[in-house]
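The model shown is predicted, which means the values in this text are computed figures rather than measured ones. Throughout, a chain's letter reflects where its sequence line sits, starting with A, and its residues are numbered from 1.
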Protein chains: 4
Amino acid sequence: MRVGIIGATGYGGAELLRMLKNHPHIEEVVLYTSSKEGMNINESYPHLTAIYEQDLKPIDPDTLKNEVEAVFLATPPGVSAEWSQTIVESGCQVIDLSGDLRLRSPEQYKAWYKREAAAKSIIDQAVYGLTEWRREEIRAAKLIANPGCYPTATLLGLAPLIQEGLVRPDSIIIDAKSGTSGAGRTPSAITHFSEMNENFKIYQINQHKHIPEIEQQLNDWNEEVAAVTFQPHLVPMVRGIMATIYMTAKKEIREQELRELYQTSYEKEPFVRIRKQGSYPATKEVYGSNYCDIGVTYDERTGRITVVSVIDNVVKGASGQAIQNLNVMNGFDEEAGLTLVPMYP
Amino acid sequence: MRVGIIGATGYGGAELLRMLKNHPHIEEVVLYTSSKEGMNINESYPHLTAIYEQDLKPIDPDTLKNEVEAVFLATPPGVSAEWSQTIVESGCQVIDLSGDLRLRSPEQYKAWYKREAAAKSIIDQAVYGLTEWRREEIRAAKLIANPGCYPTATLLGLAPLIQEGLVRPDSIIIDAKSGTSGAGRTPSAITHFSEMNENFKIYQINQHKHIPEIEQQLNDWNEEVAAVTFQPHLVPMVRGIMATIYMTAKKEIREQELRELYQTSYEKEPFVRIRKQGSYPATKEVYGSNYCDIGVTYDERTGRITVVSVIDNVVKGASGQAIQNLNVMNGFDEEAGLTLVPMYP
Amino acid sequence: MRVGIIGATGYGGAELLRMLKNHPHIEEVVLYTSSKEGMNINESYPHLTAIYEQDLKPIDPDTLKNEVEAVFLATPPGVSAEWSQTIVESGCQVIDLSGDLRLRSPEQYKAWYKREAAAKSIIDQAVYGLTEWRREEIRAAKLIANPGCYPTATLLGLAPLIQEGLVRPDSIIIDAKSGTSGAGRTPSAITHFSEMNENFKIYQINQHKHIPEIEQQLNDWNEEVAAVTFQPHLVPMVRGIMATIYMTAKKEIREQELRELYQTSYEKEPFVRIRKQGSYPATKEVYGSNYCDIGVTYDERTGRITVVSVIDNVVKGASGQAIQNLNVMNGFDEEAGLTLVPMYP
Amino acid sequence: MRVGIIGATGYGGAELLRMLKNHPHIEEVVLYTSSKEGMNINESYPHLTAIYEQDLKPIDPDTLKNEVEAVFLATPPGVSAEWSQTIVESGCQVIDLSGDLRLRSPEQYKAWYKREAAAKSIIDQAVYGLTEWRREEIRAAKLIANPGCYPTATLLGLAPLIQEGLVRPDSIIIDAKSGTSGAGRTPSAITHFSEMNENFKIYQINQHKHIPEIEQQLNDWNEEVAAVTFQPHLVPMVRGIMATIYMTAKKEIREQELRELYQTSYEKEPFVRIRKQGSYPATKEVYGSNYCDIGVTYDERTGRITVVSVIDNVVKGASGQAIQNLNVMNGFDEEAGLTLVPMYP
């Protein structure tokens with residue numbers, strides 16, 4: 001299979017290139033750009049020297065359909081709103097890593113993203129690519145809205161409890177922590193090394209764009225779920241997300257029951273690992289891999305459940321899940337190209 | 001004034017030495033040890049070369065009372081339970097940085113610390129040294145139980161709301177993040193550089209010793225407050241604590257009212273700074289200083305208040321607050337030795 | 001092929017497990033231990049959960065020869081001196097990642113390692129596994145002394161110049177910088193996070209054990225090479241080595257000639273990449289991969305050549321090169337299991 | 001004394017503010033800007049809230065001379081070339097932290113800085129502010145060219161040997177490592193957190209602007225010294241420089257003699273500390289302080305001397321030394337405002 005990447009010079013693109021190199025069903029990767037035509041990928045990423053030597057090509061749907069069978073869009077806001085429809089119509093599969101097509105409500109999109117939503121016709125075609133919970137839809141899809149990094153960690157961590165309705169629907173608080181790679185490759189004051197190292201920051205309080213994405217999926221599972229509190233933080237590290245999630249149990253529950261619920265929910269999933277009693281995941285334990293590791297606990301003193309969910313934000317939270325979706329769409333082994341062991345230490 | 005430090009080779013001790021060097025009322029610092037008699041402080045800390053050249057002396061209450069007028073105990077669990085009484089009786093002021101004397105209930109101590117509490121008579125003499133809120137008691141005290149690092153950040157962040165009873169008493173969740181210096185100087189697997197760098201960890205879930213300390217003070221302020229949820233995390237940095245605190249407001253409140261409440265509560269405090277609207281503190285903004293910076297917000301969607309409170313865990317969370325208490329006890333300017341500007345970047 | 005690892009709980013072992021998982025010719029990995037019999041590998045490394053579930057087995061040469069065809073020794077000093085002979089005689093290939101068998105002179109070993117050398121008979125059987133330059137010997141070997149991390153970066157960086165005799169033989173200075181993973185997994189004061197982060201250290205000045213290893217190989221290539229100066233430093237990062245190597249050219253040389261010499265020397269090597277003019281490698285550009293990236297320059301003002309050579313110390317500097325040697329010994333594609341793209345960022 | 005800072009929003013300015021706060025002879029600090037008129041310093045630096053509350057004022061030499069008696073220029077290239085003369089003529093002392101006035105030869109300046117030099121008349125007035133070695137000139141100066149960070153660490157490390165002529169004049173190699181704060185506050189790809197963390201880089205090979213500054217001073221001490229090799233590297237940390245300096249001794253020397261030479265040279269210096277035998281400084285041991293710590297060794301195998309010199313680049317390498325020079329110029333205690341104990345850990 002031949003695949004294309006639009007936006008290969010960003011971190012999402014670099015990760016796709018890293019993983020596709022060892023994907024058994026990918027024979028060629030073609031790199032497209034809207035702004036850096038003719039640049040060799042090595043100029044942008046010397047680490048790819050001798051592995052990828054391509055120049056970036058302009059996006060042209062007519063030639064694109066003859067060159068590749070699927071396209072990853074690892075692009076800034078708005079690009080996918082502009083191109084997805086045309087590419088899908090040309091017969092290519094599209095997996096969009098941006099946030100353009102994730103929210104079904106254009107009003108919600110506009111309210112949180114502060115820009116116009118994509119055309120409703122495109123949004124309606126897009127399947128939300130949370131692989132573990134939408135596999136059948138993904139199998140039939142031509143266009144995937146790949147989930148955001150925070151929603152992936154959060155939703156995988158919440159799914160069993162929300163689907164079973166075991167927690168008070170207005171009690172969900174997500175305290176999320178991310179490495180800086182989630183902020184992308186463009187230098188900024190916030191991610192300037194001298195001001196980010198030996199520092200811990202909170203940002204976009206009550207305003208992060210991933211809030212409506214999380215709520216949309218939670219409500220699909222359980223319509224009684226109310227607005228959630230979600231506060232993101234920046235950790236002085238490059239990769240990794242931990243979502244520490246707090247909820248009040250509807251009624252007392254034994255921790256073991258809780259763990260069994262999670263184990264049962266995910267027992268056939270190759271990329272979700274439930275921790276044993278007393279063990280909670282650290283972000284480095286999934287570093288560079290497509291795993292989501294989850295620990296759960298119940299505190300009798302407070303009646304609260306705490307769920308700890310970790311992913312590598314640029315793998316399971318972006319490019320890894322995108323490849324997982326590609327695999328599902330094409331009937332490949334779901335683990336193809338993704339048998340990456342976490343890099344530790 | 002001459003002061004002594006027992007446990008100068010730990011991080012709390014090193015920070016005391018850093019700050020006492022420029023304290024206008026301290027003429028001499030004597031270093032005591034229970035286990036490293038005769039060692040020069042430079043062997044343990046080359047960075048103190050030419051600044052402090054003392055050898056460590058054994059603890060002997062009889063000579064100690066002639067050498068110093070106040071003693072800081074920066075020691076492991078149990079040392080202060082053993083020595084405080086004798087030293088206080090000898091006429092020295094004692095400021096204990098350990099957790100030995102903070103809990104008034106020996107049962108609580110035993111339940112959380114998994115060891116026997118100090119004698120009730122000593123505990124009863126100790127004043128909890130949260131300077132901003134117990135200044136009068138501290139002024140009259142001979143023995144201070146200096147607050148823990150997490151409780152300092154948390155309690156300063158919660159005080160105005162709890163005292164006013166503005167939040168639902170069973171809704172308090174504290175998601176706390178700390179640099180590694182809080183774990184002390186003894187090497188361990190958890191704080192081994194190769195496993196801590198590029199990593200973010202949660203630890204002691206539902207079991208941290210600072211939980212009862214926080215609850216004790218909250219109940220002193222407002223007895224209706226129920227058990228809190230407190231989960232501590234380790235950040236790959238050395239210094240700094242951020243407590244992100246979540247609560248449900250009893251009734252709707254405007255964010256500005258909230259901010260004014262905090263500004264009023266702390267307007268005369270030299271070491272507490274309330275952030276303006278839309279600004280939230282990062283840990284580096286108090287790095288190396290005795291400040292506690294606080295941001296507050298209210299989310300109309302969820303009815304929840306989020307408080308962000310940051311300190312340098314080894315300064316305001318330990319040695320800085322200890323010197324602040326020393327100043328209060330002796331009628332010095334409360335800022336003496338503590339006019340440290342945060343080191344940024 | 002079935003392979004064994006003795007010492008799987010160290011970092012070298014963990015990296016072997018990471019790479020062997022995707023090695024096309026490895027069907028089983030058996031884990032042996034001299035001290036942790038019966039422990040499950042997940043207890044030591046939760047990141048391997050669901051990937052490796054083995055218990056550690058005791059070392060028994062009699063059963064070992066029936067279980068595996070090759071053994072990696074990722075063990076502390078002395079273990080390989082003790083076990084290599086027996087295992088080789090049992091018919092297994094042995095690749096030793098420790099320093100026990102690298103120096104041909106027992107006197108040198110004793111002088112630098114401060115302990116007795118292995119039996120001369122074992123040392124004589126061992127082939128020094130610097131793959132790029134000893135491929136033919138390795139192909140025929142049963143016992144490999146896998147090179148140290150610093151020597152790998154240094155020797156690959158020096159080979160073309162030394163073999164051609166282009167530099168003054170007494171002018172070689174190696175300023176080496178390493179991440180902390182090279183110091184292993186045992187916690188220590190030096191690698192305690194609080195004292196290593198935001199810090200840069202020099203250590204083992206003029207005394208590092210890798211000095212004689214470097215000199216031995218340089219003299220094999222060119223006997224006129226004199227003692228080198230080598231100073232290692234610790235960088236506050238986990239992985240990566242940079243060797244900045246300084247030499248005086250025997251006579252003036254154009255930088256382009258220099259670069260061409262390197263390009264020619266390594267043009268058929270899959271794991272050595274020579275940088276273009278004006279480009280010098282950073283350690284992250286080989287992170288997690290088996291590459292050695294090299295930049296060279298000549299300064300007309302001083303007549304000095306500077307070579308910059310980077311590797312991932314636990315891959316090309318240890319476990320990656322070990323697998324590369326396994327591939328050569330067994331006639332596999334030399335890149336088998338090693339087609340890892342550097343992880344960036 | 002009232003002092004002004006031009007360029008207070010950069011890191012050099014922030015450090016001046018940190019230290020001047022506790023300077024016994026400074027009663028007021030006025031902040032000037034060429035581009036951010038009217039901005040409050042807190043908008044740029046929230047960590048200064050409640051400590052400095054000034055707005056930035058425009059530069060006007062006429063009013064400036066009435067407001068302050070000395071001015072620090074912590075400005076980008078060219079500003080000081082433009083303003084120094086006028087300010088000095090108005091009667092203010094000027095301490096210039098930029099590189100504009102350090103090189104006495106305009107040709108050298110142009111060759112290395114790739115821009116026109118300041119007027120020769122200004123350059124001739126400027127005294128190179130390497131305090132330890134030019135104290136008498138500084139005492140009489142009105143205009144100081146404050147040394148660069150790398151030259152400070154390097155020159156203090158080399159002075160005794162070069163002045164005594166103990167090393168071969170063409171053998172000096174400086175391998176320098178710096179934290180990222182030396183690169184300033186403007187975000188860039190090189191110092192983007194995601195690409196700098198867990199990374200170690202070499203940069204400006206053979207081309208760093210500090211090379212001629214180092215050579216100029218070495219030649220003032222000893223005219224036989226030839227061109228030096230100097231290669232700078234970036235360490236994933238914020239503060240600290242280590243210069244590892246290699247030289248060949250003219251004749252064999254005992255290490256103890258070497259150490260005594262250094263101890264004698266610096267015995268009256270409050271800010272230079274020579275390490276004992278077998279001890280070498282790490283950058284964190286001077287963190288936040290004005291110290292330069294130096295270790296020296298001699299290797300009999302190679303006949304080479306290695307000197308290890310560390311400073312905090314924004315203190316002794318910039319703002320600390322600037323204040324030290326202010327103290328000398330005004331007859332203050334040289335340690336005034338600089339009795340900062342290194343912050344450890």
Look up atom [atom1] in [X] and atom [atom2] in [Y], then write down how far apart they are to the nearest 0.5 Å.
{"X": "A:Leu258", "Y": "A:Ile274", "atom1": "CG", "atom2": "CD1", "answer": "10.0 Å"}
{"X": "A:Ile190", "Y": "A:Leu234", "atom1": "CD1", "atom2": "CG", "answer": "7.0 Å"}
{"X": "C:Ile5", "Y": "C:Leu56", "atom1": "CD1", "atom2": "CG", "answer": "10.5 Å"}
{"X": "A:Ile95", "Y": "A:Leu326", "atom1": "CD1", "atom2": "CG", "answer": "4.5 Å"}
{"X": "A:Ile323", "Y": "A:Leu340", "atom1": "CD1", "atom2": "CG", "answer": "8.5 Å"}
{"X": "A:Leu16", "Y": "A:Leu31", "atom1": "CG", "atom2": "CG", "answer": "10.5 Å"}

Could you pull out all residues at least two apart from C:Phe193 that satisfy ring pair (Phe, Tyr, Trp, His ring centres under 6.0 Å)?
->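 With sequence neighbours excluded, C:Phe193 shows a ring pair (Phe, Tyr, Trp, His ring centres under 6.0 Å) to B:Phe193, given in chain and number order.
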Give every donor-acceptor pair between chain A and chain C closer than 3.5 Å, one pair per line, or write none.
from     : atom 1 : to       : atom 2 : distance (Å)
A:Asn22  : OD1    : C:Thr339 : OG1    : 2.6
A:Asn22  : ND2    : C:Thr339 : O      : 2.8
A:His47  : O      : C:Arg273 : NH1    : 2.9
A:His47  : O      : C:Arg273 : NH2    : 3.4
A:Thr49  : O      : C:Arg273 : NH1    : 2.6
A:Asn197 : ND2    : C:Glu198 : OE2    : 2.9
A:Glu198 : OE2    : C:Asn197 : ND2    : 3.0
A:Arg239 : NE     : C:Pro345 : O      : 2.8
A:Arg239 : NH2    : C:Pro345 : O      : 3.1
A:Arg273 : NH1    : C:His47  : O      : 2.9
A:Arg273 : NH1    : C:Thr49  : O      : 2.6
A:Arg273 : NH2    : C:His47  : O      : 3.4
A:Thr339 : O      : C:Asn22  : ND2    : 2.8
A:Thr339 : OG1    : C:Asn22  : OD1    : 2.6
A:Pro345 : O      : C:Arg239 : NE     : 2.8
A:Pro345 : O      : C:Arg239 : NH2    : 3.0

Heavy-atom pairs under 4.5 Å with chain A, option from C:Pro46, C:Ala14, C:Pro270 with the top count |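 Looking at each of C:Pro46, C:Ala14, C:Pro270 in turn, C:Pro46 comes out on top.
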Of the backbone (N, CA, C, O) and the side chain (C-beta and beyond), which part of A:Val286 lies under 4.5 Å from a heavy atom of chain C, both, or neither?
->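 Neither the backbone nor the side chain of A:Val286 comes within 4.5 Å of chain C.
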